[in-house]
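What you are looking at is a predicted structure, and each value in this text was computed from that prediction instead of being measured. Every chain is numbered from 1 and lettered A, B, ... according to where its sequence line falls, protein lines coming before strand lines.
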Amino acid sequence: MTLSLVVLLPFLGAVAAPLFAQAGRTAIAIASSVPALIALMALFPHWKRLADGGVLVQTFEWMPSIGLSLSFRLDGLSLLFALLILVIGLLIILYARYYLKPHENVGKFYAMLLCFKGAMLGIVLSSNLLLMLVFWELTSLTSFLLISFWNHKKDARRGARMALAVTGGGGLALLAGILLIGRIVGSYELDDVLAAADLIQAHALYPFALTLVLLGAFTKSAQFPFHFWLPHAMQAPTPVSAYLHSATMVKAGIFLMARLYPALAGTEQWFYMVSFTGMATLLIGAYVALFKHDLKGLLAHSTVSHLGLITLLFGMGTKLAAVAALFHVINHATFKASLFMAAGIIDHETGTRDMRRINGLWQFMPHTATLAMVAAASMAGVPLLNGFLSKEMFFAESLALNLPGLWAYVPPLVATLAGIFAVAYSARFIHDVFFNGKPKDLPVYPPHEPPRYMKIPVEILVFACVMVGMFPAISIGPLLNIAASATLAGNVPDYQLAVMHGFNLPLLMSFLAFFGGLLMYSQRQRFFDFHARFKEIDEKAIFEKVALKMEDLAATFTHMLESGSLQRYALLFVLSAIAVAWGPISELGVFVGANGLSPIDVPTATGALVLMLCAVGTAAMHRTRFYALILLSVVGLLVALAFARFSAPDLAMTQLSVEVVTIVLLMMALYYMPSWTPIEASWSRRIRDIAIALVAGAGMTLITLAMLTQPFDSISSYFLEHSKKGGGGTNVVNVILVDFRGFDTLGEITVLAIAALGIYTLLKNVQLTPPPGDGHGHPWTRDAYPVMLRQIARPMLPLALMVSLYIFLRGHNLPGGGFIAGLITAVALLLQYIASGMQWTQARVSIRYHNVIGLGLLFAVVAGAGSYAFGFPFLTSTFGYITWPVVGKFEVASALIFDLGVYLTVIGATLLALVSLGNLSPHSAITHLKGGE
Amino acid sequence: MELAFALTIGTLTASGVYLLLRARTFPVIVGLTLLSYGVNLFLFSTGRLVTGGQPILGSTDNYSDPLPQALVLTAIVIGFAMTAFVVVLALRKQADHHDDHVDGRESSARLRLEDEEEDGR
Amino acid sequence: MNHWLTAPILIPLLGGIIQIFIGYAPISLRRTLALSTTVLLLVSTIGLLALASDGSYRVYTFGNWAPPFGIVLILDRLSALMLLMTAILAFFCHLFAVHKTDESSRQFHALFLFQLLGLNIAFLTGDLFNLFVAFEVLLIASYGLLMQGTGTKRTIPSLHYVVLNLAGSAVFLISVGMLYSVTGTLNMADLAVKVPQVSAEDLPLVKAGGLMLLVVFGLKAAILPLCFWLPKAYGAATAPVAALFAVMTKVGFYAIVRVFTLIFGADAGPLAHLGLDWLFPLALATLAMGVVGAIGSRSLRTLITWQVIISIGTLLAAVGLGTQEGTSAALFYLLNTTWIVAGLFLVVDLIAGQRGAAADKIVTAPPMYNRTLLSVLFMLGAVASVGLPPLSGFFAKLLILQAATPGPQLAWLWGGLIIGSFFTLIAYSRAGSIVFWRTVEGHVSQPERLTLPLTVAAGGLVGMAVVIVLLAGPISAYVDATAEQLFNTSEYLAILQAQVVVGGL
């Protein structure tokens, strides 16, 4: 419980803190420090147990299916880091109280700071690797928001994005690494993983796992070649730099290496990857730091180099090195955080961080200067300060490393060289800022000491530097000890923390570094000149350029494919269909099944031939659209005939009536459209399309041929059998439609209804002016409503209605039914519109077709739902016979009501669509000469 | 008989596909119509070809398969609805961009301009 | 015979019919009725989920005709999940629409409800041809919805969308025909029984039919190379419609999962795992395409539309593993991505409303009126979409990554997903930081103010990222059970023994 609480508290604080924003900075600062205080109190009682090498693990279930549990673990290592996070966090809160300006969004700042703190605690206290990863990425996100706190600054935004890209990306690599480890070990719980060292290191996937995990660690801890994000993260407010980018977040990678040290370390691969990365980072950071004119820039690069140092120590793989590494983690956190705070104060008081302008601050702020100088001295590794001790151990380890041949000299040399640079840039920090003449045109002049309380955090940290430096054994010994034992899985080497280990090689290296550094600084001008020869590379600019380039490339590539050309998309679709069907069809070949071919009679053959000719003709003549349309209608009629020929009377009738309406529709459409299609496609293009079309056609032919000649039996016998006694109708097709598969029909008429509504919306207040003539130059006839047509059309209406009623009623037993009847009625009414015009007809047929549609659907649904009342499922039909006076014995089926629904929907939908099409143009052929005569 | 039927379907499909790949709305619609004729005939024929066997009980002794006929009837109706819609959409296209190119190539410049205006709100 | 199975169909159908009648009634009345219909639907789907979570199949025989002769609805864990997911999505979209975009047309609510009708039929039906009808219902409704709103920028994308889908329907019918011509049945369970017994000479027909079916579903799901119609269509639709369409591609996904585990699953004899060898690589390619598109996006709207394609790639890649774990992971991811992407569409619309001429373009503009709230919503959505912790996307990705079994597939899947996440992370962070932070002085004349309902709608969907995390345990348990039920096809076949009602009351 305790541990989860420790992690949870800051997040709660983050929610609560902004509420205090109104009450002023002091209030919110106090409020924000509560979680840390409680956490410290909560951790304190466990000290005893940990001192005895005990471990505290608390686990809750979360997602067992993926091995993710809310399990936390407190041991020496996590305690060490937790303390760093909590204590320095408190100091930062106090510091930020004075650093931030009242008008700034303090609430947001503290909230995000607390979020970060929670995430960081989560990393170090997690006992489940997946859980750790969750917090790991959370720190990336929160740091993204903290770096971009001043998001009106371009550099802040870019720095933040870069940090997120690098660390977030590293996190993804880490994810893969952890998943691999999980696969190898079979669990993500730390205990299991640490116990399975041999298993892991023997496994074939170990190299991949290690590489991926290290990618995560290196990116987070700004190791070469991923170090570039850290200096640019310095755009953040200084408290953030001090907290995230020197004391805690950048140490997360280090922590990860320490955490998994027992499981992953000790192999060749580990040694080479980690130590050499560390060495490179150590040198590059130290070298660049010297030439930075920006105060924070110098500190940032020195941080990079110190992180490299720690990494190198872990890489060495000896136990003592690990101890030294942990020791340096503590020391670096203390002196670097204090230095950042000092830099922040200077920035705060002088208004600049440029060391070429800040000089001789000693006279103005002696107190701050003293603190900063002590801290800087510790950074340089001056005796009696903590920096010196861990650096001694580092030198010693670099010597102890027994590499083959000349390689043995590399680590000590690198170490010493880096030491020299470190002393040099520390010296510069001290001399340039506090002495070296007078300040040059400071934005704020004269600078003076900051508010009293702003210095307290610095004082505390510097005091720590001195204490540890002078009395290491008592001040830090115990903590370091349990941390080391936790890292090294119990077996800590014997080492003693002392100010002096007597005169030995490491001490000599220190002296070399010290005086070498001073010498180098005294001769700095030469080095500056030398360095000036190389062009300063701005990683941020490069990163931006790359990002932009990538964006453009992606955009062009996308546009190339997603060209917005329907022809392209349709082609892709047709080709995919052909591609997948190609294999099966080719193995089918020209296949004639067991039933063989039946003889063909002349009429059928002629019909087929004409049909094919007309189809091809439609395609061939599609430019002259009118002829294409005529041919199309012929095709439609022949299809109807085909249905009739092969014993499908209902289909024939349906096809016929649909054909009529469709052609009318297309006619009306063509009236508004160009009647010619221009030649646009090149010959090659057309040939390509023809080829594709032929392939598709051939495929369909082969499939049909094979299918038609294969014997098969279907479920249809059941329908034939039950149509009469179960469905009460002899027209099996109709019974299927309204009964067996009535639900399909319900869907079908819904589609019809929706289509009509859609058309209605599409054409709502759309105006189209038709071309003056028919495209051949002939004007439209003046006589839009020929008398002949009117004279025929009007008497036709009652007749047609009679017919449709008859068709409708007989549908259940003979070809017909609601749909066909509906279309006939619709066509009859349509004829009136065409013959006599909108006005005339609408005046006489005053129905709102929406309601007709609605009514139709309603009938269908009600007819279906009726069966609920009798405990039968939806659409269950019943029927009976009654004897009417004149008609005689007559059958009524509930399905008839359903069919009535179909009938009404069809009428409503068809007319709504066509009428709204008719209303399209104020003076269309259908509506002009308003109201006919 | 089967061969003729298969060839018919093939021809319809081929002509339909060719028109589907044209650049103007009208031919595309005609193409889709041809395609649907082909598809309907195909779906119908999955019950095999029977002559003189309309599935009206008592009218004959060997009935053709009624189920595909019912399916095709549904397909025809839906196809009709869809055709109507796409025809009207094509008209809307004509009204909005004053041409019948499926991609509005000719008016693409004006189109972009209109988009700007709209995003401008 | 549990009549509740018809509730998700009859509720929107009746609601839609009412809307047709009251098309000219005052808008407040239409809104109230429409929204309450959606709420009713939501309630019913919750009930059905509770019903289905016992792991048994529920059959509803329309017209009281026993399968395979009549049309049946089948309620299992999967269909219940899809129904609830859609209902929740629909509720928020509808809420958003009711307060922003439904004035544009009197038919909006009718079309919206019919859209839901089609979706629900598709998720419930156990009949292949009825699935076709369902597709047509939801398509024709979507055509109408797509054209909602003023202006002319929607016409061309809609035309493309409609024409392609008409071609798709044609191929769908051909495939159904091919399957029927051999098996002589349409009921999915019956097909699953018949397909393994197909004779050697009939095999090519069924195979071709099945694969063409995959192409059709692929078109709906927008899988490479059939995905290019999507960005412009979704980009042009009004926000609530685009948000609702987040589920449209998922219908294709559902159909693939349903048909290719049941009919062409492991027990399909010579046709077992038909199409899997196509699915996995194409899915990864789709994912890659989506990422490239996202990086190249010049507007937030476009970015989200490509996120839709990324999602479908991820989903089908997981399903393409052909394992129970993969499908389970995909279903978990499905919930996450559907809701989040939809939420982002709404959030982006709110953002666009406050940036004047800049709208949703990724360019400098005056600061937004509700910058903080909108940026938080956007960041939630972005983090969840990229798949970073601590939001749902991360856990979904985790499940998918873990589902891969060692081998080349694992390398491809991990590489694709992780590298993809990295680049989408860059895309989102760029877009977000420019839109929210790179601002110029000045202010937009009358920005669209946020109202509570709009915020609730957008925030509710994005907030699902948190809800899913909180319920991660139960949800993953449910999807595991769903995948298990899905892969145990023999149980499904038992529906063929469903009894019809005798005598009624």
Side-chain angles (χ1 to χ4, degrees), chain A residues 564-567 570-571 574 597-598 600 608 611-612 615-616 618-619 622 625 628 632 639 646-649 651 654 658 662 665 669 672-673 677 680 689 693-694 696-697 700-701 704-705 708-709 714 716 719-720 724 730-733 736-737 741 744 748 751-752 755 758-759 762 766 768 913, chain B residues 1-4 6-15 17-21 23-24 26-27 30 33-34 37 41-42 44-45 48-58 63-67 69-70 72-74 76-78 80-81 83-85 87-89 91-92 94-95 100 102-103:
Chain A
S565 152
L566 175 61
Q567 289 171 282
L571 183 68
V574 174
L597 298 168
S598 51
I600 185 163
L611 204 166
M612 287 188 244
V616 174
T618 319
H622 75 275
R625 297 179 171 181
L632 182 69
V639 170
F646 296 106
S647 41
L651 282 184
T654 317
V658 167
T662 312
L665 198 75
Y672 295 101
M673 289 184 163
T677 306
E680 279 161 321
D689 292 349
L694 288 178
M700 280 308 287
T701 313
T704 319
L705 188 62
L708 285 178
T709 52
S714 80
S716 296
F719 299 122
L720 294 165
K724 185 66 182 161
T730 52
N731 178 357
V732 184
V733 174
I736 292 176
L737 283 172
R741 297 186 68 88
D744 275 346
E748 154 200 330
V751 170
L752 208 52
I759 289 171
L762 271 184
V766 169
L768 257 177
Chain B
M1 197 92 90
E2 284 75 10
L3 184 60
L7 283 170
T8 315
I9 289 175
T11 322
L12 284 169
T13 316
S15 339
V17 168
Y18 178 72
L19 288 179
L20 176 65
L21 298 175
R24 298 300 176 133
F26 192 80
V30 172
T33 320
L34 281 175
Y37 288 153
L41 281 177
F42 175 78
F44 164 70
S45 66
R48 309 301 189 257
L49 300 179
V50 178
T51 49
Q54 66 274 35
I56 311 292
L57 296 180
Y63 298 113
S64 61
D65 187 340
L67 183 54
Q69 297 190 19
V72 172
L73 216 149
T74 310
I76 291 177
V77 179
I78 289 177
F80 166 59
T83 318
F85 188 90
V87 165
V88 170
L89 190 55
L91 283 176
R92 176 69 181 270
Q94 179 84 33
D100 64 341
V102 286
D103 307 331

Would you mind checking which part of [X] comes under 4.5 Å of any heavy atom in chain A, side chain (CB onward), backbone (N, CA, C, O), both or neither?
X	value
B/Leu67	both
B/Phe44	side chain
B/Arg48	both
B/Phe85	both

Between the CG atom in B/Leu3 and the CG atom in A/Leu708, the distance rounded to the nearest 0.5 Å is 10.0 Å
Which residues satisfy the ring-ring contact (aromatic ring centres under 6.0 Å, His included) test with A/Phe719, sequence neighbours excluded?
-> A/Phe740
Could you tell me whether the side chain of A/Ser647 reaches within less than 4.5 Å of the side chain of B/Thr51, counting heavy atoms only?
-> no
So do the side chains of B/Leu12 and A/Met700 get within less than 4.5 Å of each other, counting heavy atoms only?
-> no
Which of the residues [options] is involved in the greatest number of heavy-atom pairs with chain A at under 4.5 angstrom?
options	result
B/Leu21, B/Leu7, B/Thr83	B/Leu21
B/Ala23, B/Gly58, B/Gly52	B/Ala23
B/Leu49, B/Ile9, B/Val17	B/Leu49
B/Leu41, B/Val87, B/Val30, B/Val50	B/Val50

Shortest non-hydrogen contact between [X] and [Y], atoms and distance:
X	Y	value
A/Met612	B/Ala4	CE-O, 4.1 Å
B/Thr74	A/Leu737	OG1-CD2, 3.7 Å
A/Val766	A/Leu762	CG2-O, 3.2 Å
B/Pro66	B/Pro55	CB-CB, 3.9 Å

Okay, side chain of B/Gln54, backbone of A/Pro649: is any donor-acceptor separation there less than 3.5 Å?
-> no
Under 3.5 Å donor-acceptor, A/Ser716 side chain and B/Asp65 backbone = no
Largest heavy-atom contact set with chain B, pairs under 4.5 Å, which of [options]:
options	result
A/Ile600, A/Val658, A/Thr618, A/Thr730	A/Thr730
A/Gly697, A/Ala913, A/Ser714	A/Gly697
A/Leu705, A/Thr662, A/Thr709	A/Leu705

Tell me, side chain or backbone of [X] under 4.5 Å from chain B's heavy atoms, or both, or neither?
X	result
A/Val574	side chain
A/Leu611	side chain
A/Arg625	both
A/Ala648	both

